[in-house]
Amino acid sequence: MPDAAAHVGSGKVRELYALDDERLLLVASDRISVFDVVLPTPIPDKGRVLTGLSAYWFARTRHLCANHLLQLRPDGRSLECRRLQMLPVELVVRGYLVGSGWNDYRASGTVCGHRLPAGLREADRLPTPLLTPATKAASGHDENITEREAAELVGTDQYEAARELALAVYAFGSSHAEERGIILADTKFEVGLDGEGELVLADEALTPDSSRFWPADGYEPGGPQPSFDKQFVRDWCEQTGWDKAPPGPGLPDEVVAGTQARYAEAFERLTGIPFARYVDDPQVVLA
């Protein structure tokens, strides 16, 4: 436990500590969750990948929006952050038809209220990125909602501003990733309000936990794609016959090693920084 900090909460992956009335400490563990269930087997160094990538993106998107990062600690897995009043929705940006969006499209031709053209295939690039909000669940599964429902929850003007923020950060991240041979298929953001009512990007940003990253050279629409994210673990869990209710299954060594390698490769390809260098000197991602 960090010195002089009070533990105030646990997420699926992060531990949250209060440093004082204005600052929080987010510590990313090596836990992994799939289908909103934390699995019993950790992925070594996963928390450092999430923290390092989030800090990397926070440092590079300040021209687009404010964020909550104050300081990256030397352990490489802890972020000192501003306290915010968090909005009660997640902002999911989809550039490709995959996951729950693909399931909804097959059933209704729509994704969270957005009508899409007929004849699209799994993993097809969408005509334009879609914002598909979801309610945040403290436990259990998050629930997709329509943009109208999200606007009713947070207010129309505030939702439109949050929507613009999320789409802008997705466009920036997607372009950056494409230059490095990676497709950013979708991602989710969380935002909050500071004391002056300004929208602030928070939690994590464009990580393998919050995003689907695909190698561009292996992209072939019409089915599942190889990935640098936790889809590898999701796929293994699906094959076990697990009913997606707690407790989750333990992971075999080869799945742990494969996931660890995918996370590290995503970090290195997106940042251009060897992961070992980050472990030695976390501040390198802020340069």
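Positions are given from 1 along the sequence. As the structure is a prediction and not an experimental result, all values here were calculated from the model.
The shortest non-hydrogen separation linking Y105 to V111 is CB-CG2, 4.2 Å. Contact between L64 and A168 at its shortest, heavy atoms only, is CD1-O, 3.8 Å.
A donor-acceptor pair under 3.5 Å is absent between the side-chain atoms of N67 and the main chain of L201, judged by distance alone. Remark: the backbone N or O of T146 is paired with a side-chain donor or acceptor of E149 at under 3.5 angstrom. Side-chain atoms of S211 do not come within 3.5 Å of backbone N or O of F213 as any donor-acceptor pair. Using modelled atom types, no side-chain atom of H68 and backbone atom of L70 make a donor-acceptor pair closer than 3.5 Å. With hydrogens and angles ignored, the 3.5 Å screen pairs a side-chain donor or acceptor of H114 with a backbone N or O of L131. Between the side chain of E22 and the backbone N or O of R82 there is no donor-acceptor pair closer than 3.5 Å. Listed for the Q158 side chain is no donor-acceptor partner under 3.5 Å among the backbone atoms of T156. Panel note: side chain R269, backbone E265; no donor-acceptor pair is recorded below 3.5 Å. Looking only at distances, no side-chain donor or acceptor of W102 sits under 3.5 Å from a matching main-chain atom of L97.
L50 and V233 fall within a single hydrophobic cluster, where Ile, Leu, Val, Met, Phe, Trp and Tyr side chains are chained together by heavy-atom contacts under 4.5 Å.
Going from atom CZ of F232 over to atom SG of C237 covers 11.0 Å, rounded to the nearest 0.5 Å. To the nearest 0.5 Å, the span separating CG on L24 from CG on L79 amounts to 11.5 Å.
Under the ring-ring contact (aromatic ring centres under 6.0 Å, His included) criterion, the residue pairs touching residues 154-175 are H63-F172, with sequence neighbours excluded. Within the structure, salt bridge (charged side-chain N to carboxylate O under 4.0 Å, His left out) pairs that include any residue of residues 164-176 do not occur (at least two apart or interchain). For residues 213-238, the pairs satisfying salt bridge (charged side-chain N to carboxylate O under 4.0 Å, His left out) are E238-K244, with sequence neighbours left out. Every pair tested for ring-ring contact (aromatic ring centres under 6.0 Å, His included) that includes a residue from residues 181-207 fails, sequence neighbours excluded, so the list is empty. Identified under the salt bridge (charged side-chain N to carboxylate O under 4.0 Å, His left out) test for residues 84-102, with sequence neighbours left out: E90-K188.
Residues satisfying the ring-ring contact (aromatic ring centres under 6.0 Å, His included) test with F267, not counting sequence neighbours, are F275, Y278. Listed by chain and residue number, R125 satisfy the salt bridge (Lys or Arg N to Asp or Glu O under 4.0 Å) test with E178 (two or more places apart in sequence, or in another chain). In this structure, the side-chain contact (heavy atoms from CB on, under 4.5 Å) partners of P88, at least two apart in sequence or on a different chain, are V154. With sequence neighbours excluded, the residues satisfying side-chain contact (heavy atoms from CB on, under 4.5 Å) with D75 are R73, R77, S78. Among residues two or more places apart in sequence or in another chain, the salt bridge (Lys or Arg N to Asp or Glu O under 4.0 Å) test is passed with R14 by E204. The side-chain contact (heavy atoms from CB on, under 4.5 Å) search around P274 returns E268, R277, not counting sequence neighbours. By the salt bridge (Lys or Arg N to Asp or Glu O under 4.0 Å) test, R23 is found to be paired with D20, E80, residues two or more places apart in sequence or in another chain being considered.
No more than 12 heavy atoms of other residues, nucleotides or ligands shown are found within 6.0 angstrom of CG on D253. For Q283, the CD atom sits in a packed shell: over 12 heavy atoms of surrounding residues, nucleotides or ligands are nearer than 6.0 Å.
With salt bridges taken as basic N to acidic carboxylate O contacts below 4.0 Å, none links D30 and R48. Between R31 and E15, at least one side-chain N (NZ, or NE/NH1/NH2) sits under 4.0 Å from a carboxylate O, which counts as a salt bridge. Between D21 and R83 there is no salt bridge, since none of the side-chain N atoms of the basic residue sits less than 4.0 Å from a carboxylate O of the acidic one.
Two residues are said to be in side-chain contact when any heavy atoms from C-beta on lie closer than 4.5 Å; I145 and C112 fail this criterion.
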ask   = Checking side chain to side chain donor-acceptor pair (under 3.5 Å) for the pair S210/T207: CA distance, chi angles, key distance, verdict?
value = CA-CA 5 Å; S210 64; T207 73; 3.2 Å; yes
query = Step by step, would you call L270 with W57 a side-chain contact (heavy atoms from CB on, under 4.5 Å)?
reply = CA-CA 10 Å; L270 289 167; W57 292 113; 4.2 Å; yes
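The six-membered or imidazole ring of Y96 lies near that of W214, with a centre-to-centre distance under 6.0 Å.
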